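A short write-up of the structure that comes next.
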Amino acid sequence: MLQVAFIRENKEDVIQRLAKRNIDASAMINEAITLDEERRALQAKLDNTKAESNSISKEIGILFKNGQAQEANELKTKTTQLKEEAKILEQDLNTKVETLNELLYKIPNVPNTIVPSGNTDEDNEEVFREGEVPSLSESALPHWELAKKYDIIDFELGTKITGAGFPVYKGKGAKLQRALITYFLDKNTEAGYTEYQVPHLVNEASGFGTGQLPDKEGQMYHVTADNLYLIPTAEVPATNIFRDTILNENDLPISVTGYTPCFRREAGSYGAHVRGLNRLHQFDKVEILRVEHPNKSYEALDSMVEHVKGILKELKLPYRILRLCGGDLGFTSALTYDFEVFSTAQDRWLEISSVSNFETFQANRLKLRFKNSDGKNELCHTLNGSSLALPRVLAGILENYQTENGIKIPDVLVPYTGFDLIS
RNA sequence: GGAGAAAUGGCAGAGUGGUCGAAUGCACCGGUCUUGAAAACCGGCGAGGGUCACACCUCCGGGGGUUCGAAUCCCUCUUUCUCCGCCA
C-alpha cells in the first residue's frame, strides 16, 4: 500500500501516474487525504484527553500516598468523565483508521514514469528480443501431443488423482523438470542469491504482507480448518521472511532464491491457450527476490533482467522482453518486465518470467525498513522475479527442441539430466 | 492428543498495582586515551503516531476486562519450552 504521507506530498503526481493504469484516482486520492486529516485531528483530540486523564491519575496517586483520600476521590469523578470521552474518541478514531486503510488497500502502486500507457497486453512495449525461432517441419507437434507421444507427462492421470490442471510428470519428463529446477537454482546461487526452502502454506498475516489478502483470496487455495493458504508463488513466503524487520543499511542488498510449487485457483477460461502446460493449478517455479536500498532498486531490477536473460540465452530459447503497460501492470508493481518464450509449435508467446520492482509498496505493509545514515528508519524497496516458471519453459523446450528422432536436451541441461534425447 | 511452565527493548535479564518506556549486562554507534588496535573511561542507543521543532499519545506475545491508575490482577487466543502418548 502507498504511504499516506507520500500521497499527501505528491498528490498531483500520484494522480497523474495512476492515470497510466487507466483509472481516475483523483476521487480516491482526495478522500484519502481528507480521511487522513480527520484522523490526525481525532488523534490529537484523543491524545489531549488522555494526557489530562494521565496527569490527574498521577495526582491521585500522590494524594493517596499523602493520606488525602477525600481529595483523591473528588478527582476520580473527573477522570471517569475523561475516560468516557476518550472511549468515544477512540471508537471514532478506529473507524476512521479502518476506513482510511480500506481505501488505501484499493489504491494500486504508482507506475514508474517509463511505464507505457495502454489498456491491454497489446500495448506492452517490446524492449528486447533474442534467439532464433527454429524452423520446424509441418508435422511439428504442440507440447501436449509430444508429452503423450513420449509418455513424459500424463494430464489425464492428474485429473484422476486430483482434477484438471494437476499434471503428472513421468520418467524423463520428471527428470527434465528436476534438472531445470536444479539448474535454475545453481545459476541463481552462482549470481549471489541465497537459496531458501520456505513453507508452502502461509498464514493470513503473510498473505496480507505481500498483498494477496484481503482482496485476492479467490486466487489462493484456502485450508479453512487451519486458516492457512497454499502459496500462489514463492514470493509470498520468501518476502515475508522480512516482515516486521529493521535492517542495517549495510545488510542491503539482500538476494534470495527459492524453489516452490505454486498453487493457483485461477477461475480461468478454457480452450487452446490453457491447454497442456500453459495454465495449471499446480506448477513449479524458481523465484528470485531482492531487498534493496531505495536508491539502488532500479539498478537491481536491471541486473535481475540481465540475469534471466543469461539463463534463456544458455537454454537457447527464443524470447522477448516486454515492458508492461499501465493497464497490464500488476496491482503492487511500479515497473514490470515480462519474459516470453516463443512456442514454435503453438505459434505463440508464453510468459515465463515476470520481474518487478514494487518500490515501497510491499515494504510498507510488511514494515520492512532499514536504518539509514541519519539513523532514521526508512522503507526498503522489494523486487522479485521468476527464474523461471517451469511448465512453460518445459513447453518451450519440448516444442522448440523437437526433431524427428525425439526431443533434444539443451546442452547446459545434459549434465543435470544425464541424457541428451527424449525418444 | 494429555500434563505443566513461560512470553519484557538486537540479545540476556530485572521489575508483581502508582512518577516504569521500563534497572542491569552484552552488542551497537560517537568521543577521550593510543603510533595503531585492544582495554579503560565518557556520551548515545526500541518502535509507531503527532509537531516546523518541542510537548504529548500509544506499545512489555495478540485481543478483551477490573481499576482513578496495569508490564504487574482477571478472562481468552497464539506461540515457545519440558514431560507423556502417537508418528514421517
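Bear in mind that the values here come from a model prediction, so they are computed numbers and not experimental data. Both backbone and side-chain heavy atoms feed into the values below; hydrogens, waters and symmetry mates do not. Just so it is clear: chains get the letters A, B, ... in the order the sequence lines come, proteins before strands, and each one is counted from 1.
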Round to a whole Å and report the spacing from [atom1] of [X] to [atom2] of [N].
X        : N     : atom1 : atom2 : value
A:Gln43  : B:C59 : CD    : P     : 12 Å
A:Glu90  : B:G63 : CD    : C1'   : 14 Å
A:Leu46  : B:G49 : CG    : P     : 16 Å
A:Glu52  : B:G69 : CD    : C1'   : 15 Å
A:Asn372 : B:C29 : CG    : C1'   : 14 Å
A:Asp47  : B:C57 : CG    : P     : 8 Å
A:Lys367 : B:C59 : NZ    : P     : 16 Å
A:Asn94  : B:G49 : CG    : P     : 16 Å

Which whole number of Å gives the distance between the [atom1] atom of [N] and that of [M]?
N     : M     : atom1 : value
B:C20 : B:G30 : P     : 31 Å
B:C87 : B:A14 : P     : 40 Å
B:U79 : B:G62 : C1'   : 10 Å
B:A70 : B:C81 : P     : 33 Å
B:G18 : B:A71 : P     : 11 Å
B:G25 : B:U76 : P     : 40 Å
B:U66 : B:U72 : C1'   : 13 Å
B:C52 : B:U16 : C1'   : 43 Å

Please determine, for the side chain of [X], which listed nucleotide ([options]) has the closest atom?
X       : options             : answer
A:Lys58 : B:G49, B:G69, B:U19 : B:U19
A:Lys50 : B:G50, B:C57, B:C68 : B:C57
A:Lys83 : B:U67, B:C57, B:G50 : B:U67

Just by modelled atom types, is the A:Val115 backbone N or O under 3.5 Å from a matching donor or acceptor in the A:Asn112 side chain? no

In terms of the nearest nucleotide of RNA chain B, which residue is placed more toward the 5' end: A:Lys76 or A:Asp36? A:Asp36

If you find the nucleotide of RNA chain B closest to A:Asn48 and the one closest to A:Thr77, which residue's nucleotide is nearer the 5' end?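 In this pair, the answer is A:Asn48.
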
Which base sits across from [N] as a Watson-Crick or G-U pair, both distances under 3.5 Å?
N     : value
B:A5  : B:U80
B:G30 : B:C42
B:G36 : none
B:C54 : none
B:U24 : B:A12
B:G18 : B:C68
B:C86 : none

Is it the case that more than 12 heavy atoms not belonging to A:Asp411 sit under 6.0 Å from its CG atom? no

Looking at A:Gln197, I want to see if its CD is surrounded by more than 12 non-hydrogen atoms of other residues, nucleotides or ligands under 6.0 Å. no

Which part of the nucleic acid, if any, lies within contact of [X], taking any heavy atom under 4.0 Å across all strands shown: a base, the sugar-phosphate backbone alone, or nothing?
X       : answer
A:Asn54 : sugar-phosphate
A:Ile60 : base
A:Ser57 : base
A:Ala51 : sugar-phosphate

Using a strict threshold of under 4.0 Å (side-chain N to carboxylate O), is an ion pair present between [Y] and [X]?
X        : Y        : value
A:Lys285 : A:Glu287 : yes
A:Lys309 : A:Glu306 : yes
A:Lys96  : A:Asp92  : no
A:Arg39  : A:Asp36  : yes
A:Lys50  : A:Glu90  : yes

Minimum side-chain heavy-atom gap A:Phe358-A:Thr210 below 4.5 Å: no

Flag this pair as yes if the NZ/CZ of A:Arg365 is under 6.0 angstrom from the six-membered ring centre of A:Phe208 and inside a 45 degree cone about the axis; otherwise no. yes

N/O-N/O pairs, protein side and nucleotides 46-48 of chain B side, under 3.5 Å:
from	atom 1	to	atom 2	distance (Å)
B:A47	OP1	A:Lys371	NZ	2.7
B:A47	OP1	A:Asn377	ND2	3.0
B:A47	O3'	A:Arg369	NH1	3.0
B:G48	OP1	A:Arg369	NH1	3.0

